[in-house]
There are 4 protein chains.
Amino acid sequence: MLIQIDHGCDRPVYLQIADQVKRDVALGRVAEGDRLPTVRELSSRLVINPNTIAKAYRELEHQGIIITRPGSGSYIAQGSSRLSEAVREKLIREQIDRLMVEAIHMQIDRRQLFGWIEEALAKFKFPEKGAGDGEDRG
Amino acid sequence: MLIQIDHGCDRPVYLQIADQVKRDVALGRVAEGDRLPTVRELSSRLVINPNTIAKAYRELEHQGIIITRPGSGSYIAQGSSRLSEAVREKLIREQIDRLMVEAIHMQIDRRQLFGWIEEALAKFKFPEKGAGDGEDRG
Amino acid sequence: MLIQIDHGCDRPVYLQIADQVKRDVALGRVAEGDRLPTVRELSSRLVINPNTIAKAYRELEHQGIIITRPGSGSYIAQGSSRLSEAVREKLIREQIDRLMVEAIHMQIDRRQLFGWIEEALAKFKFPEKGAGDGEDRG
Amino acid sequence: MLIQIDHGCDRPVYLQIADQVKRDVALGRVAEGDRLPTVRELSSRLVINPNTIAKAYRELEHQGIIITRPGSGSYIAQGSSRLSEAVREKLIREQIDRLMVEAIHMQIDRRQLFGWIEEALAKFKFPEKGAGDGEDRG
DNA sequence: GTGGTCTAGACCACC
DNA sequence: GTGGTCTAGACCACA
């Protein structure tokens with residue numbers, strides 16, 4: 001699992017790590033039950049304090065993305081969201097709105113933005129509920 | 001200009017204010033040259049420390065969204081981003097990716113997400129510059 | 001808010017703190033919106049590292065018991081459990097079973113245990129859904 | 001003796017094992033003098049490190065639940081707690097309080113909780129010593 | 001070996 | 001003033 005930290009970025013390091021693990025799960029690059037790098041290994045690889053890695057893993061565990069077994073290591077959990085449907089819709093729609101606002105202020109036009117979104121929709125591995133819906137996209 | 005603060009939300013107050021000003025510009029609710037409420041007025045209306053309002057305005061000015069004329073007030077600036085095209089594309093695509101990651105982890109399916117995005121694309125006021133804008137960029 | 005730490009106990013200090021805050025909420029000793037002691041104050045009062053207090057508060061926030069606003073402080077949130085009904089029942093019944101097992105191995109007899117449980121049921125402030133259910137108990 | 005390990009659970013494996021042995025004693029499924037599986041047998045059956053099993057047995061022996069005779073095996077001991085009466089009462093009452101706190105935060109109502117407790121009280125095999133045991137204690 | 005807890009202290013963002 | 005992040009390092013529990 002490749003993880004990169006941008007120390008110039010204002011996002012906290014521990015969240016950058018959590019983001020990237022979540023991203024790899026979302027992209028299908030890691031599967032349920034896969035073992036994550038140990039705290040110490042990632043710590044020495046990224047030259048970051050072990051506590052910071054541990055904090056990232058704890059955050060992921062709180063979100064139900066991984067489970068961590070003391071003495072053994074951390075593993076990708078089953079994908080499950082504990083939030084109600086209404087709350088999830090609200091959160092995602094807010095995030096979409098923020099994206100629109102940013103794009104407009106950066107003078108991205110609608111067609112360009114739409115193109116990038118389509119690329120992203122194709123790139124990620126969505127959980128398709130029905131059969132035969134999106135197999136030829138990703 | 002209507003601004004509402006959610007103190008239960010984890011987003012800093014000064015960014016909530018800046019977000020909403022930017023949003024109103026993006027939605028076309030306010031236009032270039034419009035005057036913003038004074039720091040003092042907004043401060044008493046929202047029952048928020050004036051320093052916080054001032055910080056929000058400073059943030060907006062830094063992003064080029066408004067201009068502040070000492071002794072006169074703050075005004076909506078021309079929509080122009082000072083960032084290079086490459087940086088703007090990178091930032092927006094990162095934001096799109098984060099949206100995909102969150103949606104997947106909240107088990108939103110692709111079709112549902114696409115629907116919400118289409119609604120948002122329609123709702124906001126994009127600067128359409130004609131058809132020949134970014135097609136040869138790569 | 002009175003909080004006491006037993007350093008001889010094997011339960012982590014940060015969980016002892018979280019337990020006692022939860023307990024005070026459950027007993028009705030603090031109400032929604034009440035402010036908790038600041039991290040620094042509790043830290044100096046209990047002679048415990050501020051990070052440990054902060055960890056307790058973060059745990060409470062993850063459980064939805066409190067909300068914490070940077071720069072302002074931490075406050076009791078609305079009582080809400082995010083777990084599904086089935087999961088909640090399973091967790092509580094497991095805890096009841098553990099109680100029975102311990103009591104039996106400590107040779108507490110059934111009547112004695114029942115008495116203590118009745119006392120506890122009366123002592124705590126349960127959310128009574130219907131009208132006129134348990135007012136004469138607590 | 002059936003023992004099952006939930007690796008997803010946060011309770012340490014060695015305590016899960018000890019819990020289940022204690023539970024079987026409390027339920028009357030095993031009686032004094034019964035022989036426990038050997039460390040080696042349980043180790044291979046549960047696919048768990050023998051050290052972990054040994055630790056569970058050590059814990060049980062420490063609590064006086066089992067006795068281990070080197071070269072012979074481990075056996076269920078006589079049910080007797082080495083703790084003083086006051087300490088036992090304190091420990092059990094604390095456990096009852098924790099149960100109340102958790103139930104309240106999970107929004108279980110008093111009647112529902114009482115029902116579950118009654119079921120558990122009936123399910124387990126308490127050592128009823130007659131009616132005149134602890135009436136003048138507290 | 002693994003992760004968890006706790007301490008001590010620096011620095012930053014927010015109000 | 002408030003809490004948040006990160007570092008450094010000691011010690012413990014678990015497998």
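Since the model is a prediction, treat every value here as computed from it, not as a measurement. Just so it is clear, the values below take in all heavy atoms, side chains as well, and ignore hydrogens, waters and symmetry mates. Within every chain, numbering begins at 1; the chains are lettered A, B, ... in the order of the sequence lines, protein sequences first and strands thereafter.
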Report the distance from atom [atom1] of [X] to atom [atom2] of [N], rounded to the nearest whole Å.
{"X": "A/D6", "N": "F/dC6", "atom1": "CG", "atom2": "P", "answer": "12 Å"}
{"X": "B/Y57", "N": "E/dC15", "atom1": "OH", "atom2": "P", "answer": "16 Å"}
{"X": "A/R35", "N": "E/dT2", "atom1": "CZ", "atom2": "C1'", "answer": "8 Å"}
{"X": "A/H7", "N": "E/dC12", "atom1": "NE2", "atom2": "P", "answer": "16 Å"}
{"X": "C/I53", "N": "E/dT5", "atom1": "CD1", "atom2": "P", "answer": "15 Å"}
{"X": "A/E59", "N": "F/dC6", "atom1": "CD", "atom2": "C1'", "answer": "16 Å"}
{"X": "C/I5", "N": "E/dT5", "atom1": "CD1", "atom2": "P", "answer": "14 Å"}

Any residue in residues 11-21 of chain A with a heavy atom nearer than 4.0 angstrom to DNA chain E? Just list them by number, or reply none. none

Closest-nucleotide 5' rank along DNA chain E - winner of A/G71 and C/P50: A/G71

Which residues pass the salt bridge (charged side-chain N to carboxylate O under 4.0 Å, His left out) test with [X], not counting sequence neighbours?
{"X": "B/D97", "result": "A/R23, A/K123"}
{"X": "A/R29", "result": "A/D24"}
{"X": "D/E102", "result": "C/K22"}

Residues in residues 36-47 of chain D with a heavy atom under 4.0 Å of DNA chain F, by number, are none

Axial bend angle, the helix from E/dG1-F/dC14 to E/dC14-F/dG1: five-pair end segments, nearest 10°: 30°

Anything under 3.5 Å between a donor and an acceptor, one on a side chain of residues 64-76 of chain B, the other on a protein residue two or more places apart or in another chain? List them.
residue	atom	partner	partner atom	Å
B/T68	OG1	B/E61	OE1	3.3
B/T68	OG1	B/S74	OG	2.9
B/S72	OG	B/Y75	OH	2.8
B/Y75	OH	B/R35	NE	3.4

With sequence neighbours left out, what residues match [X] under side-chain contact (heavy atoms from CB on, under 4.5 Å)?
{"X": "D/R40", "result": "D/T38"}
{"X": "B/A26", "result": "A/V101, A/I104, A/H105, B/F124"}
{"X": "C/R58", "result": "A/K55, A/R58, C/A54, C/H62"}

With a 4.5 Å limit on heavy-atom distance, are the side chains of A/M1 and A/Q20 in contact? no

Mind checking whether D/V13 and D/L46 have side chains closer than 4.5 Å, heavy atoms only? no

Residue pairs passing the side-chain hydrogen bond (donor to acceptor under 3.5 Å, both in side chains) test where at least one lies in residues 45-54 of chain A, sequence neighbours excluded: A/E41-A/R45

Write down the atom of D/M106, the atom of C/I92, and the distance for their closest heavy-atom approach. SD-CG1, 3.9 Å

Are the side chain of A/E59 and the backbone of A/L15 linked by a donor-acceptor contact shorter than 3.5 Å? no

Short side-chain to backbone donor-acceptor contact, C/Q16 and C/D6, under 3.5 Å: yes

Contact list (N/O, under 3.5 angstrom) for nucleotides 8-10 of chain E vs protein:
residue	atom	partner	partner atom	Å
E/dA8	N7	C/N49	ND2	2.9
E/dA8	N6	C/N51	ND2	2.6
E/dG9	O6	C/N51	ND2	3.0

Is the distance from OP1 or OP2 of F/dT5 to the nearest side-chain N or O of A/K55 less than 4.0 Å? yes

Whichever of D/T52 and C/G73 has the more 5' nearest nucleotide on DNA chain F, that residue is C/G73

Could you measure the distance from the CZ atom of C/R11 to the CD atom of D/E94? Nearest 0.5 Å is fine. 11.0 Å

